[in-house]
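Worksheet: one structure, shown below.
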Amino acid sequence: MIIKEIKIYSKTHFIKTNLLTASYNHTNRDSWIIEITNSNHITGYGEASPVPNFNNETYEQVGYSLEGFKLALKDIKEIDVEEIFIMAKVHSFEVPSACFAIETAIYDILAKESKLPLNLYLNDNAHSKISVNGIYMLSDYKKYNIMKVKCGFRNLYDEIELLETLTEKYGESMKFILDLNESYDLPKAIRFFKEVARFNIEYIEQPIRQDNLEDLLELGFHTNIPIALDETIKNIISIETALKINCGDVFIVKPQTFGSFADINEAITLIKKEDKIPVITSSLEGIIGRLSSMHIASANLIDNACGLGFDPVYENEKQYIPKVVDGYVEILDKIGLGYN
């Protein structure tokens with residue numbers, strides 16, 4: 001591949017409706033955008049958006065990593081694609097969102113050269129549509145069968161009242177994903193699970209601190225509600241550690257946190273092999289990142305609902321958002337990511 005130009009710039013995404021969680025108030029999101037153009041004037045796009053209070057990398061580190069990658073390729077006239085992926089990993093060591101952005105841009109170019117949507121470039125048997133969940137306060141509930149509700153920052157009685165209200169509004173068939181964002185210790189988590197058991201719960205995310213696997217494992221003996229590991233899952237080693245003690249039922253993989261497409265594929269294969277449920281979620285980054293997560297979920301044949309945020313979360317992105325119908329998003333026949 002001959003790379004003619006690399007552009008890197010920062011972008012702030014301004015949220016349309018604030019989203020309050022147990023750990024922070026999501027009002028906007030900062031990303032780095034990378035645009036890589038080859039000698040055929042085909043441009044690939046990638047987005048690096050480190051997850052606040054989740055990733056160990058900082059926004060500044062991501063920018064330095066992307067600039068280092070750009071400088072390394074400055075005087076190279078032609079380079080093999082596999083070498084680009086190697087260089088991406090070298091220059092994004094411990095900065096996974098930078099690696100993810102670079103690889104997304106390269107795969108976007110390769111898919112466009114093949115005149116294929118990215119999911120079909122990655123896997124010619126990829127799903128043509130995938131199940132997705134909505135997010136309470138951000139999504140139109142009429143589009144979805146499963147709604148995620150951020151919990152853990154209200155008192156228990158208010159949490160129950162909210163779920164009663166939402167069940168009445170959405171109907172008994174609506175399922176809920178409850179995201180606790182590490183809010184509880186074991187006794188409080190046991191009580192919460194018992195109190196919400198009467199609702200239609202798909203699973204509950206990260207009720208206990210991410211590194212407290214013993215209590216997360218113990219919690220599983222007190223409930224039939226599936227427990228999802230989110231903050232706990234950051235790389236292959238974290239998955240292997242949880243699987244070794246049979247901790248967790250649902251494993252949530254955030255591409256921005258894993259970085260390499262190969263590592264994401266390996267993670268999903270490992271989770272499926274142990275009869276656990278893999279789910280791909282975005283981290284509410286911009287539309288480039290969310291589209292890439294969609295294609296990865298499709299290519300990896302994920303059947304359970306993925307949290308991709310396909311509603312107008314931020315300003316000036318509506319034209320790129322795929323339509324959600326009855327809880328599914330159909331991947332349009334646009335080459336590459338489907339962005340520009």
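Treat the numbers as computed from the prediction; the structure is a model and nothing was measured.
Taking 4.5 Å as the limit, every side-chain heavy atom of Leu166 sits out of range of all side-chain heavy atoms of Met174. Counting heavy atoms from C-beta outward, Ser49 and Trp32 have side chains that stay 4.5 Å or more apart. Looking only at side-chain heavy atoms (C-beta outward), Phe310 and Arg290 come within less than 4.5 Å of each other. Considering only heavy atoms from C-beta on, Ile201 comes within 4.5 Å of Leu178 through its side chain. In this structure, the side chains of Ile3 and Thr37 stay at 4.5 Å or more apart for every pair of heavy atoms. Between Leu216 and Gln210, every side-chain heavy-atom pair lies at or beyond the 4.5 Å cut-off. Contact annotation: the side chain of Pro207 approaches that of Leu219 to within less than 4.5 Å [non-hydrogen atoms, C-beta and beyond].
Outside the 6.0 Å centre-distance limit, the rings of Phe14 and Tyr314 are not counted as a close aromatic pair. For Phe85 and Tyr107, the distance between ring centers is under 6.0 angstrom.
Scanning all heavy atoms of the two residues, the minimum distance from Phe192 to Cys151 falls at CZ-CB, 4.4 Å. Residue Asp311 comes nearest to Glu317 through the heavy atom pair O-OE2, 3.8 Å, listed as atom of the first residue, atom of the second, then distance. Residues Gly289 and Gln256 come closest through the heavy atom pair CA-NE2, 4.4 Å. Shown here for Tyr59 and Pro50, the closest heavy-atom pair between the two residues is CA-CG, 4.0 Å. Minimum heavy-atom separation, Val324 to Lys143: CG1-O, 3.6 Å. Across every non-hydrogen atom of Val329 and Pro322, the tightest pair is CG2-CB, 3.2 Å.
Of the N and O atoms on the side chains of Thr12 and Arg29, not one donor lies less than 3.5 Å from an acceptor on the other residue. Under the 3.5 Å distance criterion, with hydrogens and angles disregarded, no donor-acceptor pair is assigned to the side chains of Asp263 and Asn235. Using a 3.5 Å distance cut-off with no hydrogens or angles, the side chains of Gln206 and Thr232 do pair a donor with an acceptor. For the residue pair Ser92 / Ser65, no side-chain donor-acceptor distance below 3.5 Å is found, with atom types taken as modelled. Side chains of Lys334 and Asn340: no donor on one and acceptor on the other come within 3.5 Å. A donor atom on one side chain and an acceptor atom on the other are not found under 3.5 Å apart for Ser292 and Glu47. In the model, Glu274 has no side-chain atom that pairs as donor or acceptor with a side-chain atom of Asn246 under 3.5 Å. In summary, the side chains of His13 and Asp30 do not present any donor paired with an acceptor at a separation below 3.5 Å, with no hydrogens or angles considered.
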Quiz item: How far apart are the C-alpha atoms of Lys150 and Tyr136, what are their side-chain angles, what is the distance that settles it, and do they pass the side-chain contact (heavy atoms from CB on, under 4.5 Å) test?
Solution: CA-CA 8 Å; Lys150 296 287 186 178; Tyr136 172 61; over 6 Å; no

Quiz item: Yes or no on salt bridge (charged side-chain N to carboxylate O under 4.0 Å, His left out) for Glu231 and Arg209, after CA distance, side-chain angles and deciding distance?
Solution: CA-CA 8 Å; Glu231 284 88 346; Arg209 200 177 69 241; over 6 Å; no

Quiz item: Hey, mind stepping through Leu217 and Leu213 against side-chain contact (heavy atoms from CB on, under 4.5 Å) and telling me if it holds?
Solution: CA-CA 6 Å; Leu217 181 62; Leu213 294 184; 6.0 Å; no

Practice problem: Carefully, step by step, assess Arg191 and Leu156 under the rule side-chain contact (heavy atoms from CB on, under 4.5 Å). | Solution: CA-CA 9 Å; Arg191 183 185 177 193; Leu156 181 57; 3.4 Å; yes

Practice problem: Go through Val196 and Ile225 one step at a time and tell me if the side-chain contact (heavy atoms from CB on, under 4.5 Å) criterion holds. | Solution: CA-CA 9 Å; Val196 302; Ile225 300 174; 4.1 Å; yes

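For Ser39, the side chain to side chain contact (heavy atoms under 4.5 Å, CB included) partners at least two apart in sequence or on another chain are Ile2, Lys4.
A cation-pi arrangement is present between Lys129 and Tyr328 under the rule of less than 6.0 angstrom and at most 45 degrees off the ring axis.
A salt bridge is absent between Glu161 and Arg154: the closest approach of a Lys/Arg side-chain nitrogen to an acidic carboxylate oxygen does not fall below 4.0 angstrom. A salt bridge between Lys254 and Asp230 is present, with a side-chain N of the basic residue lying under 4.0 Å from a carboxylate O of the acidic one. At a threshold of 4.0 Å, the pair Lys169-Glu164 does not count as salt-bridged, since none of the basic side-chain nitrogens sits closer than that to a carboxylate oxygen.
The aromatic rings of His91 and Phe69 stand perpendicular to each other, their planes meeting at an angle above 60°, with 30° marking the opposite boundary.
Between Ile204 and the options Leu180, Asp179, Asp249, a side-chain contact (heavy atoms from CB on, under 4.5 Å) holds for only Leu180. Looking at Ile302, Thr269, Asn300, Asn304 one by one, the single match for side-chain contact (heavy atoms from CB on, under 4.5 Å) with Pro278 turns out to be Ile302.
Enclosure of atom NZ in Lys112 by more than 12 non-hydrogen atoms of other residues, nucleotides or ligands within 6.0 angstrom is indicated.
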